[in-house]
Number of protein chains: 2
Amino acid sequence: MTKHSRQRDAVYQNLCMRTDHPTAEDVYLSLKAEIPALSLATVYRNLSMLENENKIIRIGSGGTARYDGNVSPHYHLTCLECGRVHDIFMDDAGLCKAAEKHFGGKIISHAVMFTGYCPECSEKIG
Amino acid sequence: MTKHSRQRDAVYQNLCMRTDHPTAEDVYLSLKAEIPALSLATVYRNLSMLENENKIIRIGSGGTARYDGNVSPHYHLTCLECGRVHDIFMDDAGLCKAAEKHFGGKIISHAVMFTGYCPECSEKIG
DNA sequence: TTCGATATTGATAATCGTTATCATTATTAT
DNA sequence: ATAATAATGATAACGATTATCAATATCGAA
């Protein structure tokens, strides 16, 4: 039986309020002011729980995991210049169905990670 | 100046010969018989070098990194039942171009990771 | 409202994958 | 052959994440 907790609420709200795909430590640091006694382990624990409940998304590619409070289907781009992770909202072009046709089996979900340059950096660099 | 090495050749060949997307340790263990003195650090080093030269692909999503000697464009599926990573060969449906249209910037590449059940497990489970 | 059961917490140790260090060995151009 | 230096093997160090555990907070039942 899962009980309510102030810390979990705070983690979830923090993630939903921002669009910068923070790491666990980012979330931890930005909640320290609000909850001084907060522990990093608690943030990790709650991120895992929220992910299992499909309330948030873990963006795994690369080293440190990042999290996204927006669970509506969309993709991500890692900018090679600024390192930030951006959202890309677009049609999925029936990717899962197409893959099932080619591969067989039963496909449940998919994630797309683009790499390149975000509009800002793209302009800056030329 | 990059010098030739028996160990790097062995790592590259091992990766090219298999389609099971091994981890660094998998490669290390399967080469131990051939090169008893091989070090795990050497495997990691060479995997990084080969990846930088675009001779192999690192499949990052999730915890432990896996590697693929097949650099032709294709996608992957992680089977929720057996845990294996399978190749999925299919058209990319102009994903990068479409994303650039929606997002702007300059998109270089993309990776797609499907999750679901491979044909074998799909049949077994029903 | 109080009580008891137990889920959650904070602090920290432990784990795991990966990278850095460094003396030794192998490779390559001369 | 020799000198220059890239690569190796062994292992320490690192960073992210997870496990442990006593103390605390939550919540349903009395």
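Letters A, B, ... are given to chains in the order of the sequence lines, protein chains preceding strands, and every chain is numbered from 1.
Under 3.5 Å, the side chains of Arg45(B) and Thr42(B) contain a donor-acceptor pair of N or O atoms.
Rounded to a whole Å, the CG atom of Leu40(A) is 14 Å from the C1' atom of dA13(C). Taking atom CZ on Arg8(A) and atom C1' on dA7(C), their separation rounds to 8 Å, with Å as the unit. The distance from atom CG of Asn46(B) to atom C1' of dG9(D) is 12 Å, rounded to the nearest whole Å. We find that CD1 of Ile35(B) is positioned 13 Å from P of dA10(D), with the value rounded to whole Å. The interatomic distance linking Arg45(A) (CZ) with dA25(D) (C1') rounds to 13 Å, in whole Å. When the C1' atom of dT5(D) is taken as reference, atom NZ of Lys3(B) falls 4 Å away, rounded to whole Å. For Leu47(B) and dT18(C), the CG to C1' distance is 11 Å, given to the nearest whole Å. Distance His4(A) NE2 to dG28(D) P: 12 Å, rounded to the nearest Å.
Contact annotation: Thr2(B) side-chain N/O to dA6(D) OP1/OP2 distance is not under 4.0 Å. Phosphate contact (OP1/OP2 of dG17(C), side-chain N/O of Thr23(B), threshold under 4.0 Å): absent. Of the side-chain N and O atoms in Gln7(B), none sit less than 4.0 angstrom from OP1 or OP2 of dA26(C). Of the side-chain N and O atoms in Tyr44(A), one or more sit less than 4.0 angstrom from OP1 or OP2 of dT17(D). OP1 or OP2 of dT8(D) has not a single side-chain nitrogen or oxygen of Thr42(B) nearer than 4.0 Å. Between Ser39(B) and dT8(D) there is no side-chain polar atom (N or O) within less than 4.0 angstrom of OP1 or OP2.
Looking at the side chain of Leu38(B), the nearest of the listed nucleotides dT17(D), dG9(D), dA7(D) is dG9(D). Each of dT17(D), dA7(C), dG9(D) was ranked by its minimum atom distance to the side chain of Met1(A); first place goes to dA7(C). Residue Ala41(B) places its side chain closer to dA10(D) than to any other of dA29(C), dT18(C), dA10(D).
Aromatic ring pairs are classed by plane angle as parallel below 30°, tilted from 30° to 60° and perpendicular above 60°; the pair His21(A) and His74(A) is tilted.
Checked against the 6.0 Å centroid criterion, the rings of Tyr75(B) and His110(B) qualify as a close aromatic pair.
Shortest non-hydrogen contact noted between Cys79(A) and Cys118(A) is SG-N, 3.5 Å.
For Ser5(B) and Arg58(B), each mapped to the nucleotide of DNA chain C holding its nearest heavy atom, the one lying further toward the 5' end belongs to Arg58(B). Remark on DNA chain D: of its neighbouring residues Arg6(A) and Gly63(A), the 5'-side contact belongs to Gly63(A), judged by nearest-heavy-atom nucleotide.
For the pair Glu120(A) and Arg84(A), the salt-bridge criterion is met [side-chain N within less than 4.0 Å of a carboxylate O].
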